[in-house]
Amino acid sequence: MIPVSYYIILSAILFTLGAVCVLIRRNAIVVFMGIELMLNSANLAFVAFANQYQMLSGQIFVFFVMTVAAAEVAVGLALIVTIFKAKQSIDVDQMSSLKG
Amino acid sequence: MTAELVFFIFLALVAVGAAVGMLFSRNAIYAALFLVLNFITVAIFYLMLNAPFLAMAQVTVYAGAIMVLFLFVIMLLGTSKLKPNLENRWQLILALVLGGGLLAEISALFIFQGRGLEVIGEIGSQFGGPQGIGLELFQNYLLPFEVTSILLLVGMIGAIVLTKDD
């Protein structure tokens, strides 16, 4: 059996990569992919702990996270399409109309 | 070093490599395909962690439905490539520093408090299968399950309203 700590370390690395992706990429769609990567690494930690403590609640939570991710992607991509229609660009650096 | 550990390390390298590839690929379509690879390796981790049903859900929902939606929008908008922005190099450096700080924080917490993280024992074969998941979901988590249906309905209506032409 592989110690659960290895999975948690992997989960932390993937979460960090997702956070860096949100920070450095300017393409709004790739920023969304970074958010998905972070949600996914949280799911991996949930499943690892569910296995360690032999409780299914962790796995059930992963289902709810997946549902939230699906709803978030649907609304988020609709927002991106709308922004692209209005500004002809999905560069997050150019979405600064609300800046004072 | 057992065969299982070698397999774990190989898969972990694939997962991290795919995430790094997503981070640095110029083309958004390549980024999406790297993310699909990452999701599939995570699904294999779920199989190793006694969660076969979740692994299948991961492949169909994440690597299938969600990523197809991403690819569809990338190709619909035709914005797979953005011109590199050279004015904001400091953003890249600052983001890498902040990301390294986040990783250092997590690992510090883990090193100083990571006691008692050993495997407790073997698990029954029904753990994480469709039957176990279904019983747990509908016996103990029925209300959250129903609430997620409302969430998905709201998401669907939101997507339709946002993209509707006036």
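In this text the structure is predicted, and so the values were computed from the model without any measurement. Order of the sequence lines sets the chain letters (A, B, ...), proteins ahead of strands, with each chain counted from 1. When reading the values below, keep in mind they use all heavy atoms of this one structure, side chains included, and skip hydrogens, waters and symmetry mates.
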Okay, side chain of [X], backbone of [Y]: is any donor-acceptor separation there less than 3.5 Å?
X     : Y      : result
A:R25 : A:V20  : no
A:T16 : A:A12  : yes
A:Q88 : A:K85  : yes
A:T82 : B:L162 : yes

Side chain / backbone / both / neither for [X] at chain B, heavy atoms under 4.5 Å:
X     : answer
A:L10 : side chain
A:S41 : neither
A:L14 : side chain
A:V30 : side chain
A:V22 : neither

May I ask you to test the [X]-[Y] pair for a side-chain heavy-atom distance under 4.5 Å?
X     : Y     : answer
B:M75 : B:I29 : yes
A:R26 : A:I90 : no
B:M22 : B:L33 : no
A:F32 : A:I80 : yes

TODO: Report whether B:I9 and B:L11 are members of the same hydrophobic cluster (ILVMFWY, side-chain heavy atoms less than 4.5 Å apart, transitive linking).
DONE: yes
Select, from [options], the one with the greatest count of heavy-atom pairs under 4.5 Å involving chain A.
options                       : result
B:A19, B:A15, B:G158          : B:A19
B:V16, B:I157, B:V61, B:V154  : B:V16
B:F45, B:Y46, B:F145          : B:Y46
B:L153, B:L135, B:V161, B:I66 : B:I66
B:S107, B:A65, B:A57          : B:A57
B:S149, B:G155, B:P144        : B:P144

Relative to chain B, which of [options] shows the most heavy atom pairs under 4.5 Å?
options             : result
A:L23, A:V47, A:V75 : A:V47
A:A70, A:G76, A:A78 : A:A78
A:L79, A:L44, A:V68 : A:L44
A:I9, A:L37, A:L77  : A:L77

Please list, one pair per line, the donor and acceptor atoms closer than 3.5 Å that link side chains of residues 58-65 of chain A to other protein atoms, with sequence neighbours excluded.
unit_1 : atom_1 : unit_2 : atom_2 : d
A:Q59  : NE2    : B:N50  : O      : 3.4

Side chain, backbone, both or neither: which part of [X] has an atom under 4.5 Å from a heavy atom of chain A?
X      : answer
B:Y62  : side chain
B:I106 : side chain
B:F24  : both
B:V20  : both

In residues 93-105 of chain B, what donor-acceptor pairs under 3.5 Å come from side-chain atoms, sequence neighbours left out?
none

- [ ] Would you indicate whether B:Y141, at its atom OH, is surrounded by more than 12 heavy atoms from other residues, nucleotides or ligands within a distance under 6.0 Å?
- [x] yes
